[in-house]
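Here is the structure we will look at, set down as structure tokens.
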Number of protein chains: 2
Amino acid sequence: MDEPLKIENQLCFSIYALSKEFTKLYNLFLKDMNVTYPQYLVLLVLWEQNELTVKQLGENLLLDSGTLTPLLKRMEEADIVKRERSRDDERKVLVSLTNKGIDLKEKAEKIPVCLAEKIGLSPQEFQKKLDENRDLLSKILEAVES
Amino acid sequence: MDEPLKIENQLCFSIYALSKEFTKLYNLFLKDMNVTYPQYLVLLVLWEQNELTVKQLGENLLLDSGTLTPLLKRMEEADIVKRERSRDDERKVLVSLTNKGIDLKEKAEKIPVCLAEKIGLSPQEFQKKLDENRDLLSKILEAVES
DNA sequence: TATAATTTAATTGTGCACAATTAAAATTTA
DNA sequence: TAAATTTTAATTGTGCACAATTAAATTATA
């Protein structure tokens, strides 16, 4: 690399910009569901496993309670999730979907196809990018934690 | 793609997570310079061209004045940039480096090498990732704007 | 040259994102 | 079992990020 401080040569910036623009694109599709992108991520996890603690949600999404607590309160306010203290262990807060939250899945099903089409990525390219990103993420996580 | 709504199969999420963790890693290195990652991005641009309008900065970084104005005020407060209205065109605000801002470049020079080492990416891999991201970003930008 | 349209920043309001701290509950250990 | 430690969420405070609006200056146009 010739000029590492040139902004076009900054890998992190390219990922940062990509993330922001990708999120904007998603938000166009999510407007109809009345959720933000981070809220949609919570839904993705809950559609897979209907009840999780805040901690488990955070582990899935790499987010802490400082982010999740107010976000989940907004989702509770919108009646798409429930929050209740566990009786077994009063430290834990269990998050689960309401019927409204469950029903949103139907609308969400359409997003991935519409999106891939709009971007113009073949399934093969999509999968390749996904794998590459996973590789890099694990390297970065290792570096952050060490 | 078998289960497109599974979070591990979401390309946007992998990029979103990557961006956040990469930024955290940067912040470890930037602590010494007393700037945040977005502030560092402003410095990168200004080290290349010492005077730009807010608009031009925004075009380089894909950020709008709602983000940049308060960020630049904090950087002005920290005495690393100057902000002044253009005399030619009073709508424009010219942003430039102070001596302190110029001097920070020296510390920044070390970051890319330390970082690549910490992540464990060869220059070839680094370049490859960079190129791939640029490709995807241009596709996404096109999709967002259309 | 008055007026309409455009350009440029700033402002306002909402929603993350995270470091650091606090507080309560559960678990471990002396 | 009493005390220390750990776990779990919530809170506090700061800094983005962006949509929408406002306001001022410039440029285009009737």
Side-chain angles (χ1 to χ4, degrees), chain A residues 12-13 16-28 30-31 34-43 52-59 61-78 80-81 83-95 144-145, chain B residues 12-13 16-28 30-31 34-43 52-59 61-78 80-81 83-95 144-145:
Chain A
C12 187
F13 173 67
Y16 160 85
L18 190 52
S19 174
K20 283 192 307 153
E21 299 304 319
F22 213 151
T23 300
K24 276 185 210 167
L25 185 57
Y26 256 96
N27 278 145
L28 295 178
L30 294 173
K31 200 183 273 180
N34 259 300
V35 294
T36 65
Y37 183 68
Q39 289 171 14
Y40 169 71
L41 294 179
V42 168
L43 289 177
L52 289 102
T53 65
V54 173
K55 174 137 214 281
Q56 290 170 318
L57 259 178
E59 283 165 357
L61 300 176
L62 304 181
L63 293 171
D64 70 6
S65 69
T67 301
L68 286 174
T69 296
L71 185 153
L72 292 169
K73 282 181 179 172
R74 284 187 287 272
M75 292 179 82
E76 189 180 38
E77 189 65 30
I80 47 187
V81 303
R83 295 163 65 244
E84 48 182 342
R85 289 262 162 207
S86 163
R87 286 195 192 170
D88 295 356
D89 186 338
E90 294 259 348
R91 291 170 306 182
K92 296 178 182 169
V93 169
L94 299 169
V95 183
V144 170
E145 279 153 21
Chain B
C12 186
F13 173 67
Y16 159 86
L18 189 51
S19 173
K20 284 191 307 150
E21 298 305 318
F22 213 152
T23 300
K24 275 185 211 168
L25 185 56
Y26 256 96
N27 279 144
L28 294 178
L30 294 173
K31 201 183 271 181
N34 259 300
V35 294
T36 64
Y37 182 68
Q39 289 170 15
Y40 169 71
L41 294 179
V42 168
L43 289 176
L52 290 102
T53 64
V54 173
K55 174 135 213 284
Q56 290 170 318
L57 258 179
E59 283 165 357
L61 300 176
L62 304 181
L63 293 171
D64 71 5
S65 69
T67 302
L68 286 173
T69 298
L71 185 153
L72 292 169
K73 282 181 179 172
R74 285 187 286 273
M75 291 179 82
E76 188 181 38
E77 189 65 28
I80 47 187
V81 303
R83 294 162 65 243
E84 47 181 344
R85 290 261 162 208
S86 163
R87 285 194 191 171
D88 296 356
D89 185 338
E90 294 259 348
R91 292 171 305 180
K92 297 178 182 171
V93 168
L94 299 169
V95 183
V144 170
E145 279 153 22

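To find a chain, count down the sequence lines: A is the first, B the second, and so on, and within it residues start at 1.
The nucleotide whose nearest atom lies closest to any side-chain atom of Val93(B) is, among dA9(D), dA9(C), dC16(C), dA9(C). Taking only side-chain atoms of Asp89(B), from C-beta outward, the nucleotide of dA9(C), dT26(D), dC18(D) with the closest atom is dT26(D). When the nucleotides dA9(C), dG15(D), dA26(C) are ranked by their closest atom to the side chain of Glu90(A), dA26(C) comes out on top. Checking dA19(D), dA19(C), dA9(C) against every side-chain atom of Lys24(B), the shortest atom distance belongs to dA19(C). Taking the side chain of Arg91(B) as heavy atoms from C-beta on, and the options dA25(D), dA10(D), dT11(C), the nearest nucleotide is dA25(D). Side chain of Leu63(A), nearest nucleotide from dC16(D), dA17(C), dA10(D): dA17(C).
Contact annotation: Thr67(B) does not reach the phosphate of dA17(D) (side-chain N/O to OP1 or OP2, under 4.0 Å). Close to dA25(D), at under 4.0 Å from its OP1 or OP2, lies no side-chain N or O of Arg87(B). The shortest distance between the side-chain N/O atoms of Thr69(A) and the OP1/OP2 oxygens of dT11(D) is not below 4.0 Å. The phosphate of dC18(D) has OP1 or OP2 within less than 4.0 Å of a side-chain N or O from Lys20(A). Phosphate proximity of dT8(C) to Lys55(B): present, with a side-chain N or O under 4.0 Å from OP1 or OP2. Listed pair Tyr16(A) / dA17(D) meets the phosphate criterion, a side-chain N or O lying under 4.0 Å from OP1 or OP2. The phosphate of dA10(C) (OP1 or OP2) has a side-chain N or O of Arg85(B) nearer than 4.0 angstrom.
Side-chain contact between Met75(B) and Val42(B) is present, with at least one heavy-atom pair separated by less than 4.5 Å. Residues Val54(A) and Leu72(A) form a side-chain contact, since some pair of their non-hydrogen atoms from C-beta on lies under 4.5 Å apart.
Whole-Å rounding puts the Lys73(A) NZ to dA17(C) C1' distance at 16 Å. The distance from atom CG of Leu68(B) to atom C1' of dT8(C) is 13 Å, rounded to the nearest whole Å. Atom pair Tyr37(B):OH and dC18(C):P shows a separation of 14 Å (rounding to whole Å applied). Atom pair Asp64(A):CG and dA10(D):P shows a separation of 12 Å (rounding to whole Å applied). Note: OH (Tyr26(A)) to C1' (dC16(C)) measures 18 Å, nearest angstrom. When the P atom of dG15(D) is taken as reference, atom CG of Asn34(B) falls 11 Å away, rounded to whole Å. Straight-line distance from the NZ atom of Lys31(A) to the P atom of dA19(D): 9 Å, rounded to whole Å. Atom CG in Leu57(A) sits about 14 Å away from atom C1' in dT8(D), given to the nearest Å.
Nucleic acid contact for Leu94(B): none, since no nucleic acid atom lies under 4.0 Å from a heavy atom of the residue. Counting any heavy atom pair closer than 4.0 Å across all strands shown, Thr53(B) reaches sugar-phosphate atoms only and no base atom.
A salt bridge links Arg83(A) with Glu76(A): the distance from a Lys NZ or Arg NE/NH1/NH2 to an Asp or Glu carboxylate oxygen falls below 4.0 Å.
The base of dA10(D) sits within donor-acceptor range of the side chain of Ser65(A), with an N or O pair under 3.5 Å.
Between Glu21(A) and Gln56(A), it is Gln56(A) whose nearest contact on DNA chain D lies nearer the 5' terminus. If you find the closest nucleotide of DNA chain C to Leu71(A) and to Asp88(A), the one lying nearer the 5' end belongs to Leu71(A).
For the atom pair CZ (Arg91(B)) and CG (Asp89(B)), the distance works out to 4.0 Å, reported to the nearest 0.5 Å. Here the OH atom belonging to Tyr40(B) is positioned 11.0 Å from the CG atom belonging to Asn27(B), to the nearest 0.5 angstrom.
By the 30° and 60° cut-offs, the orientation of the rings of Tyr37(B) relative to Tyr26(B) is tilted.
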